[in-house]
Amino acid sequence: MVAGVCYGVVANNLPSASDVVQLYRSKGITGMRIYFPDSNALKALSGSGINLIIDVGNDQLGNLAASALNAAAWVKDNIQAYQGLTIKYITVGNEVSGSDAQLILPAMKNVNAALSNVGLGGIKVSTAVQSGVTAGFPPSRGTFSASGGSHMPPIAQYLASTGAPLLANIYPYFSYKGDTTNIRLDYALFTAPATVVHDDVSGKDYQNLFDALVDTMYSALESAGAGSVGIVVSESGWPSAGDPMATTGNAQTYNQNLIDHVGKGTPKRPGTIETYIFAMFNENNKTGLETERHFGLFNPDKSPAYPIRF
Ligand SMILES: *[C@@H]1O[C@H](CO)[C@@H](O)[C@H](O)[C@H]1NC(C)=O
């Protein structure tokens, strides 16, 4: 059972927020990630019991990093203003790169302080990263990379001090697409019949790429002196159209196997790994590659894009 599904709204044809909440409940989906504090969604979620990840929105990073007062105002308007929510995490920045990455840590500190000041310190503050912040192979050699992840060690150490997990967007699809010569499709889809990668440093065996990517991130946390920090997979998924590997068959295989796998954890951290599938709906107004508009488990009319058992 996965923890939840990401509810993106970059589309002009989606059901109302209350219908969406009803759809989550009818499918037994108990968690949701939303990408900004969408007032329609937050009102519809009141009393639903659905566990939430709420992103601040990357456009708010500068504002929240700039001052404690700004963060207090943001918390008042976007969190305290709503009743009856079960908020687990606030995500300060999603896949932030370049110079804006320097804003993540001060913004996280200001949001944490603002929450504590109003008695909401139980909400954990984190940031969501992509696999590109790490480098190294096999998984036990994972580190935060000098090119894409130099901002990460102080963030990891801060998470260790607050007890919040790191949120990681983990996409075997993109790894496979980026290197179809060296990466096997069955390894990416959780269908390899036996070990594909033997980690000769840790002695651990990897039969799927998802576990290898997550464990690389765990190793990076350890190498930054933050081995106590857990990982929540804040996105994972596979598109069902838009390129030759993005078929409904592959999307169904990946997402069903993901759902069936996450209760087992990874070779490095057996147990359950809290995971959010990307995404609930196909979003027709997403820009970029055609595949970006086909990550949904559901069509906008609420019919399944392909069969999935939650
Ligand atoms: C969203 O996508 C639909 C379908 O492609 C299109 O008709 C509409 O103009 C788009 N809306 C925006 C705001 O881009």
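Both ligands and their constituent atoms are indexed starting at 1 by order of listing.
Distances from atom 9 (O) of ligand 1 to the protein include no heavy-atom value under 4.0 Å.
The atoms of ligand 1 that sit less than 4.0 Å from any heavy atom of Asn285 are 1 (C), 2 (O), 3 (C), 8 (C), 10 (C), 11 (N), 12 (C), 14 (O).
Under 4.0 Å is where a charged nitrogen must lie from a carboxylate oxygen, and between Glu274 and Arg33 no such pair does. Salt bridge annotation for Asp243-Lys177: present, with a cationic side-chain nitrogen under 4.0 angstrom from a carboxylate oxygen. Salt bridge present: Asp260 and Arg309 bring a charged side-chain N and a carboxylate O closer than 4.0 Å.
The nearest heavy-atom contact from the protein to atom 7 (O) of ligand 1 is Asn12 ND2, 4.1 Å. For atom 4 (C) of ligand 1, the closest heavy atom belonging to the protein is Asn284 ND2, 3.5 Å.
In this structure, the side chain of Asn40 does not engage the main chain of Ala17 through any donor-acceptor pair within 3.5 Å.
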